[in-house]
Structures are given as structure tokens and as C-alpha cells.
Amino acid sequence: MLRRKARRGNPRRFVGLCVLAAVLLAAPSAAADPPNITLTIFGTLGSNGWYRSNVTLNWAVTGAENSVGCNATTLTVDTPGTKITCSATSGSDETIKSVTIKLDKTPPAVTAAASRDPDANGWYNHALSVTFAGTDGTSGRESCTGGSYSGPDNPAAAVAGSCRDVAGNVTPSALSFKYDSTPPSVTAVSTKRGNRMAQFSWRASADTKLVEIARAPGRKGAGQSVVYTGAASSYRDSGLRAGRNYRYRITGFDDAQNRVDQTLTFTASGRLLTPAPGEKVKLGSRTVMTWTRVKKASYYNLQLIRGGKVLSVWPVRTSFQLPRSWVYQGRRYRLRPGVYRWYVWPGIGRISANRYGRLLGSSSFTVTG
């Protein structure tokens with residue numbers, strides 16, 4: 001009986017397969033990637049790394065088993081620097097990402113100041129400058145602008161400026177004020193003589209608030225005195241000394257204390273008004289002699305003297321115009337260069353009565369060639 005031998009495999013091949021399996025089972029798996037964190041920031045970026053609006057942080061995390069601090073966050077309060085951190089882990093791997101947010105939504109506070117106080121009554125009457133100062137409690141002030149003003153006239157003038165903080169916030173500002181650099185006008189100044197008196201009148205512009213009249217020499221021996229202050233259009237200065245020369249300054253002021261000046265000289269007279277005492281009369285010019293009225297006088301006797309009497313007339317009015325030539329006591333006269341003195345008496349009743357009151361006065365004038 002035939003017996004078959006059992007077929008036996010190659011023992012070496014078997015051993016190799018076992019070793020390979022053991023190696024495969026013992027080899028470590030490939031290394032895994034750490035978690036990935038991506039940050040997106042929403043907000044208005046200003047200057048120097050500052051934000052000027054609410055800031056929202058959106059974290060996107062992938063490949064993580066756990067995360068901390070990675071929820072969406074919105075900052076609404078000004079901060080000089082808030083650090084926010086998102087961390088994610090996967091097994092033994094960890095990813096950490098941080099960001100510091102500087103937030104300043106508040107513009108700086110601004111104050112404005114003029115270079116000086118108003119010149120008068122709340123008004124400025126010449127150029128001024130305006131500076132602006134700012135404060136900022138978060139990012140700090142960076143810069144401020146300024147300006148100046150020199151016209152035009154305006155009761156609501158303004159200079160604009162601004163301040164900027166480090167974050168880029170800007171606060172505009174302005175300083176308002178009243179400005180007037182134009183003097184008022186005082187025109188048509190005239191004077192009228194009276195007995196030891198000067199009558200002034202003038203026409204002032206609508207913005208003239210005050211007129212002042214100063215006289216030299218002044219009152220009670222003063223070198224100069226202000227004899228009038230007010231808003232009228234005329235003034236009478238009395239108590240003058242006949243024959244004395246006075247200098248008057250008439251000044252108009254507006255609310256801003258802009259001023260306009262006019263000066264004039266005036267020779268005071270007594271009851272004989274014109275020509276003024278010592279006045280120079282040009283040869284050939286119209287010469288009118290005037291005096292004050294005397295109550296109850298029906299005529300006057302005017303006498304003109306140069307060396308001797310050269311004229312005697314009896315006008316019924318308080319004035320007499322010298323003719324170019326005239327005849328007195330059979331002799332013809334005319335004005336010639338030199339000094340003339342004249343006298344006036346009031347006549348009472350009829351001329352034939354030859355009745356006169358007290359001498360009104362005497363005065364003189366000089367005829368120049």
C-alpha cells in the first residue's frame with residue numbers, strides 16, 4: 001500500500017511573512033497637522049494702528065478638538081489696548097493666536113481762545129489770531145490748527161480750526177466774535193459865532209454812537225478839556241474869552257471804539273461877531289461885518305477906524321457889507337492892506353434923535369494883499 005508524504009511548505013518563507021506583519025503592526029502612523037486659526041477683523045481702521053469704530057473679531061478654527069476664547073467678540077468701549085487670545089488643541093498639538101486692539105471712537109475735546117480780549121464793548125477793531133487746544137483721554141492729542149482774522153467787518157465773524165487725535169479722529173471748532181475796523185464818519189462840521197460862544201453842528205454816520213468835543217485851552221486854566229460828550233448833532237460852547245484862539249477836536253466813536261477826528265481853530269468874539277478879532281481879510285474879498293442884536297435898538301452906528309475915522313454908517317440890521325469903495329466926509333475910501341478897528345453902538349428911537357445905548361464893543365481885522 002502506497003503511502004503519500006504530506007507536502008510541507010518552505011519554512012523560510014513562512015518566517016519572513018511573520019516578520020513583515022510584525023513590522024507593519026509596530027510602525028507609527030503619519031504625524032497629524034496642528035489646528036489652524038484664522039482671524040478676520042471688522043472695523044474702521046484709523047491712524048497709527050488705532051480703530052475708530054466698534055471692532056468685531058471673527059475666529060475661524062479648523063482641525064481642532066477643543067478651542068478656548070475663539071467665539072466672535074465685539075469691542076465697543078474705547079481702550080488703549082485690549083489683548084484677545086484664541087487657542088485650539090488637537091491631541092497634544094495646540095495653536096495659540098493673540099491680537100491687541102486699540103480703540104478710540106471719541107474725538108478730542110477742543111477749546112478756542114483769541115489772542116486778546118475784545119477791544120471795546122465786545123468788539124474787536126483790529127486783527128486777531130485764534131488758537132485751538134485739544135485733549136484726548138485715550139489715544140492722545142496729535143495736532144491742532146489755528147487761524148487769524150483781519151476783516152471784513154462782521155458782527156458774526158468767526159475763525160475755524162480743528163484738533164486731531166492720534167487715532168485720526170478730528171473735531172472741528174470755531175470761535176465767533178464781533179469785528180469792526182472801520183471808523184465812523186463825522187462830516188459837514190460847521191461853526192457859528194456868538195457872543196463869547198461857538199455853536200457847532202455836524203452830521204454823523206449811523207454807526208456813530210458817541211461824539212466827543214475837546215477844547216484847548218480848556219476850562220479853569222486846564223491845557224485841554226472835554227467840553228461835550230453825547231449823541232446829539234450840535235453843541236454850543238459858551239463862556240469863551242473874546243479874541244482868544246481856541247483849538248477844537250471833534251471825535252466820533254462807534255461801538256468798537258473806532259474813531260474819526262476833525263480839528264479846527266476858532267477865534268472867540270464878543271458882541272461883534274465877524275470878522276473875528278484879528279481875522280485876516282483878503283483884499284478884494286467880500287467883507288461882511290456882523291454883531292449881536294440889542295433889544296429895543298432900531299438902528300446901529302458902525303464906525304471904521306484906520307488912523308482916523310474912515311466910515312460911519314447907520315444900518316438898521318445887525319450886519320453891514322463893506323462896499324468896494326465909499327465916500328466919507330467928501331473923501332473916497334477903499335480897503336487897503338493894514339489893520340482896521342471897528343465899533344458898534346445901538347441906536348434908540350429915530351436916527352435924528354441921536355440917542356445911543358452903551359457901546360456894544362470893538363474889534364479889529366487885518367486886510368492882506
For the backbone of [Y] and the side chain of [X], can you confirm whether one donor and one acceptor N or O come within less than 3.5 Å of each other?
{"X": "Thr267", "Y": "Arg244", "result": "no"}
{"X": "Asn121", "Y": "Trp123", "result": "no"}
{"X": "Tyr51", "Y": "Ser47", "result": "no"}
{"X": "Asp153", "Y": "Ser181", "result": "yes"}
{"X": "Lys105", "Y": "Thr76", "result": "yes"}
{"X": "Trp326", "Y": "Val310", "result": "yes"}
{"X": "Ser225", "Y": "Arg219", "result": "yes"}
{"X": "Ser205", "Y": "Ser185", "result": "yes"}
{"X": "Tyr300", "Y": "Leu360", "result": "no"}
{"X": "Asp180", "Y": "Ala256", "result": "no"}

Are [Y] and [X] linked, directly or through intermediate hydrophobic residues, by side-chain heavy-atom contacts shorter than 4.5 Å (ILVMFWY only)?
{"X": "Ile37", "Y": "Ile96", "answer": "no"}
{"X": "Trp345", "Y": "Leu311", "answer": "no"}
{"X": "Met289", "Y": "Tyr299", "answer": "no"}
{"X": "Leu128", "Y": "Val159", "answer": "yes"}
{"X": "Val339", "Y": "Ile305", "answer": "no"}

Say whether [X] and [Y], considering side chains only, have a donor N or O and an acceptor N or O under 3.5 Å apart.
{"X": "Arg249", "Y": "Gln262", "value": "no"}
{"X": "Thr290", "Y": "Ser319", "value": "no"}
{"X": "Asn301", "Y": "Ser312", "value": "yes"}
{"X": "Thr106", "Y": "Asp78", "value": "yes"}
{"X": "Arg293", "Y": "Thr318", "value": "no"}
{"X": "Asn58", "Y": "Thr40", "value": "no"}
{"X": "Ser148", "Y": "Ser129", "value": "no"}

Checklist line | Chi angles and distances behind the side-chain hydrogen bond (donor to acceptor under 3.5 Å, both in side chains) call for Ser325, Arg332 | finding: CA-CA 7 Å; Ser325 66; Arg332 181 164 293 277; 2.9 Å; yes

Spacing of [atom1] belonging to [X] relative to [atom2] belonging to [Y], to within rounding of 0.5 Å:
{"X": "Thr368", "Y": "Leu335", "atom1": "OG1", "atom2": "CG", "value": "11.0 Å"}
{"X": "Asn125", "Y": "Thr182", "atom1": "CG", "atom2": "OG1", "value": "10.5 Å"}
{"X": "Asp165", "Y": "Thr138", "atom1": "CG", "atom2": "OG1", "value": "8.0 Å"}
{"X": "Tyr356", "Y": "Trp314", "atom1": "OH", "atom2": "CH2", "value": "6.0 Å"}

What closest approach, in Å, do [X] and [Y] show between heavy atoms, and which atom pair accounts for it?
{"X": "Cys163", "Y": "Pro108", "answer": "O-CG, 3.5 Å"}
{"X": "Gly168", "Y": "Arg52", "answer": "C-CD, 3.7 Å"}
{"X": "Ile250", "Y": "Phe200", "answer": "CD1-CD2, 4.1 Å"}
{"X": "Val166", "Y": "Ser139", "answer": "CG2-O, 3.2 Å"}
{"X": "Arg215", "Y": "Val227", "answer": "CB-CG1, 4.0 Å"}
{"X": "Pro337", "Y": "Arg306", "answer": "O-NH2, 2.8 Å"}

Next item on the list: Side-chain contact test, heavy atoms from C-beta onward, threshold under 4.5 Å: evaluate it for Val260 versus Asp254 and give yes or no.
Entry: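 No, their side chains stay 4.5 Å or more apart.
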
Notebook entry, point to check: Are any non-hydrogen side-chain atoms of Lys192 and Arg236 less than 4.5 angstrom apart?
Noted result: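 No, too far: nothing below the 4.5 Å cut-off.
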
Next item on the list: Check the pair Asp255, Asp207 against side-chain contact (heavy atoms from CB on, under 4.5 Å), reporting the backbone distance first and the verdict last.
Entry: CA-CA 8 Å; Asp255 274 343; Asp207 60 338; over 6 Å; no

Note to self: Does this structure show an ion pair linking Arg259 with Asp261, if we count only N-O contacts that are shorter than 4.0 Å?
What the structure shows: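 So Arg259 pairs with Asp261 through a salt bridge.
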
Notebook entry, point to check: Got more than 12 heavy atoms from elsewhere within 6.0 Å of CZ, Arg317?
Noted result: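 Open.
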
Notebook entry, point to check: Does Arg341 make a cation-pi contact with Phe365 (under 6.0 Å, within 45 degrees of the axis)?
Noted result: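 Verdict for Phe365: no cation-pi partner in Arg341.
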
Checklist line | Residues in side-chain hydrogen bond (donor to acceptor under 3.5 Å, both in side chains) contact with Thr263, at least two apart in sequence or another chain | finding: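 By the side-chain hydrogen bond (donor to acceptor under 3.5 Å, both in side chains) rule, Thr263 matches no residue at all.
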
Check: In terms of the angle between their ring planes, are Phe177 and Tyr149 parallel, tilted or perpendicular, with boundaries placed at 30° and 60°?
Finding: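 If you compare the ring of Phe177 with that of Tyr149, the planes turn out perpendicular.
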
Checklist line | Pair Phe266 and Tyr246, ring centroids less than 6.0 Å apart | finding: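 No, too far apart.
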
Note to self: side-chain hydrogen bond (donor to acceptor under 3.5 Å, both in side chains), that's the test. Do Ser98 and Thr85 meet it? Break it down for me.
What the structure shows: CA-CA 4 Å; Ser98 298; Thr85 299; 2.7 Å; yes

